[in-house]
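Every heavy atom of this structure was used, including side-chain atoms; hydrogens, water molecules and symmetry mates were not. Counting convention: from 1, in listed order, for ligands and their atoms alike. Note that this is a predicted model, so its numbers are computed, not measured. Sequence positions, counted from 1, serve as the residue numbers for this chain.
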Amino acid sequence: MADHSIKGKTVLIAGGAKNLGGLIARDLAAAGAKAIAIHYNSVASKPEADKTLADLKAAGAHAVAFQADLTTAAANAKLFADTVAAIGKPDIAINTVGKVLKKPIAETSEDEFDAMFAVNTKAAYFFIKEAGAHLNDNGKLLTLVTSLLGAYTPFYSTYAGSKAAVEHFTRAASKEYGARGISVNAVGPGPMDTPFFYGQEAPDAVAYHKAAAALSAFSKTGLTDIEDIAPFVRFLVSDGWWMTGQTILVNGGYTTK
Ligand SMILES: NC(=O)c1ccc[n+]([C@@H]2O[C@H](COP(=O)([O-])OP(=O)(O)OC[C@H]3O[C@@H](n4cnc5c(N)ncnc54)[C@H](OP(=O)(O)O)[C@@H]3O)[C@@H](O)[C@H]2O)c1
């Protein structure tokens with residue numbers, strides 16, 4: 001029987017410096033992960049990467065950080081190669097990278113379209129490809145998508161559209177990697193209390209989203225909180241291994257599929 005616990009495992013988290021990715025990194029360290037590589041993209045994220053790194057080391061994990069724009073196949077190949085060189089082959093690979101745009105189709109430029117699909121679709125695809133090449137047998141692979149995949153709504157065409165492709169990457173990868181015991185899933189949080197969400201939303205939309213979920217009244221912020229997602233991720237990349245090929249919306253009853 002494979003050991004599905006987090007204890008002693010090696011982890012790579014793209015976007016693992018801050019917000020949801022940073023909490024997932026800390027949570028897996030607390031659960032006993034042996035080594036964790038976190039990735040960040042922009043220079044502005046470096047202080048948060050340094051803080052996360054210090055917290056992971058304080059929790060007893062061997063921790064390293066890598067900077068990369070992951071919108072090329074080569075960058076994803078380098079991230080996995082650097083990770084293997086620094087901490088060994090990962091047992092768990094989690095991609096939290098994302099980019100959001102709230103805009104009518106009529107106002108969306110070609111450059112905006114390309115940027116959205118580069119981050120949410122292309123980077124996710126090549127992360128999944130490299131994970132297939134580098135994950136240990138019985139590994140776990142997870143991508144963050146969005147609960148908008150279950151919504152019928154205007155203005156998020158490039159965001160929901162570019163994340164929607166990941167559902168099919170997940171299905172294919174779970175079949176292709178399943179012979180090696182690797183579980184592959186996608187998790188779609190509801191609107192989440194991080195700067196990622198507030199950057200695109202006017203106050204009236206924030207107020208709407210704070211009351212839109214069935215369980216809104218019982219959440220800290222009314223929104224999905226990163227503390228609600230991290231335990232679910234921990235379960236999926238450990239004892240929840242039997243779930244594979246799925247896109248799961250975790251949102252307190254905001255949208256369903
Ligand atoms: N917050 C929400 O309302 C919400 C709801 C549902 C789903 N999600 C999804 O949850 C995930 C985490 O979001 P979050 O709220 O925790 O916000 P976040 O910390 O801003 O996460 C987005 C991450 O993507 C990285 N990134 C952006 N462009 C990149 C590029 N070209 N190459 C590599 N990395 C890049 C960012 O790094 P830098 O900042 O360093 O550029 C950041 O670490 C995202 O995939 C998002 O789509 C968020």
Below 4.0 Å from ligand 1: does a non-hydrogen atom of Ala123 turn up there or not?
no

Side chain of Glu167, backbone of Thr247: donor and acceptor closer than 3.5 Å?
no

Provide the number and element of each atom of ligand 1 under 4.0 Å from a heavy atom of Pro191.
3 (O)

Exceeds 12 heavy-atom contacts within 6.0 angstrom, atom CD1 of Ile105:
no

Among all protein heavy atoms, pick out the one at the shortest distance from atom 3 (O) of ligand 1; state its residue, atom name and that distance to 0.1 Å.
Met192 N, 2.8 Å

Looking only at heavy atoms, which two atoms of Gly161 and Phe117 are closest? And how far apart?
C-CZ, 3.9 Å

Output yes when a side-chain donor or acceptor of Thr52 lies under 3.5 Å from a complementary backbone atom of Ala17, and no otherwise.
yes

Counting only heavy atoms, which portion of Lys163 has something under 4.0 Å from ligand 1: side chain, backbone, both, or neither?
side chain

Numbered atoms of ligand 1 (with element) below 4.0 Å of Gly15, judged on heavy atoms:
43 (O)

Closest approach of Gly222 and Ser219, non-hydrogen atoms and distance?
N-OG, 2.7 Å

Close-contact set for ligand 1 against Thr194 heavy atoms, below 4.0 Å
1 (N), 14 (P), 15 (O), 17 (O)

Nearest to atom 23 (C) of ligand 1 by heavy atom, Gly199, Gly98, Ala75, Ala44: which?
Gly98

Check contact between Ala68 and ligand 1, using heavy atoms of the residue and a distance below 4.0 angstrom.
yes

Group every Ile, Leu, Val, Met, Phe, Trp and Tyr by side-chain heavy-atom contacts under 4.5 Å, then state whether Tyr159 and Phe155 land in the same group.
no

Closest heavy-atom pair and its distance - Arg180, Asn136
NH2-C, 4.0 Å

So does Leu144 get a backbone contact from the side chain of Lys163, meaning a donor-acceptor N/O pair under 3.5 Å?
yes

Identify the closest protein heavy atom to atom 39 (O) of ligand 1: which residue and atom is it, and at what distance?
Lys18 NZ, 2.7 Å

Near Thr71 (heavy-atom distance under 4.0 Å), the atoms of ligand 1 are 31 (N)

Taking distance alone, with no angle check, do Leu20 and ligand 1 share an N/O pair under 3.5 Å?
yes

Do Ser147 side-chain atoms and Gly188 backbone N/O form a donor-acceptor pair below 3.5 Å?
yes

As a quick check of understanding, evaluate side chain to side chain contact (heavy atoms under 4.5 Å, CB included) for Lys140 and Ile182, giving each step before the final call.
CA-CA 5 Å; Lys140 315 284 185 289; Ile182 295 172; over 6 Å; no

Considering only protein heavy atoms, which is closest to atom 20 (O) of ligand 1, and at what distance to one decimal place?
Phe196 CD1, 3.6 Å

Using heavy-atom distances only, which candidate in Asn41, Ile38, Leu70 approaches atom 41 (O) of ligand 1 most closely?
Asn41

Using a strict cut-off of 4.0 Å, indicate which atoms of ligand 1 neighbour a heavy atom of Ser42.
38 (P), 39 (O), 40 (O), 41 (O)

Only heavy atoms count here, so choose which of Gly22, Pro189, Ala118 is nearest to atom 6 (C) of ligand 1.
Pro189

Heavy-atom nearest pair, Ile38 first then Gly16, reads CG2-O, 3.4 Å

For Asp69, counting its heavy atoms only, list the atoms of ligand 1 lying under 4.0 Å from any of them.
30 (C), 31 (N), 32 (N)

For ligand 1, which part of Thr224 has a heavy atom less than 4.0 Å away: the side chain, the backbone, both, or neither?
neither

Worked check of side chain to side chain donor-acceptor pair (under 3.5 Å) between Asp228 and Thr224
CA-CA 7 Å; Asp228 299 320; Thr224 292; 5.8 Å; no

Residue and atom name of the nearest protein heavy atom (relative to atom 21 (O) of ligand 1), distance in Å to one decimal
Thr96 O, 4.0 Å

For atom 18 (P) of ligand 1, what is the closest protein heavy atom, and at what distance to 0.1 Å?
Asn19 ND2, 3.7 Å

Are any of the N or O atoms of Val97 closer than 3.5 Å to those of ligand 1?
yes

Proximal atoms of ligand 1 relative to Ser45 (non-hydrogen, under 4.0 Å)
38 (P), 39 (O), 40 (O)

Could you tell me if the side chain of Tyr125 sits less than 4.5 Å from the side chain of Lys122, heavy atoms only?
no

Quick one: does atom 12 (C) of ligand 1 have a protein heavy atom under 4.0 Å from it?
yes

Does ligand 1 have an atom under 4.0 Å from some heavy atom of Val100?
no

Ligand-residue contact atoms, ligand 1 with Val119, heavy atoms, under 4.0 Å:
28 (N), 31 (N)

Which residue supplies the protein heavy atom nearest to atom 5 (C) of ligand 1, what is that atom called, and how far is it?
Gly190 O, 3.2 Å

His209 and Phe197 aromatic ring geometry - parallel, tilted or perpendicular at 30°/60° bounds:
perpendicular

Part of Tyr159 with heavy atoms under 4.0 Å of ligand 1, whether side chain, backbone, both or neither:
side chain

Does Ser147 have a heavy atom less than 4.0 Å from any atom of ligand 1?
no

Can you tell me if Ser45 uses its side chain to pair, donor with acceptor, with the backbone of Asn41 under 3.5 Å?
no

Donor-acceptor contact present, side-chain Asn120 to main-chain Lys99, <3.5 Å
yes

Answer with yes or no whether Lys99 contacts ligand 1, where contact means a heavy atom under 4.0 Å from a ligand atom.
no

Can Phe169 be reached from Val145 by stepping across I, L, V, M, F, W or Y side chains whose heavy atoms are under 4.5 Å apart?
yes

Report the nearest protein non-hydrogen atom to atom 7 (C) of ligand 1: residue, atom name, distance rounded to 0.1 Å.
Val145 O, 3.0 Å

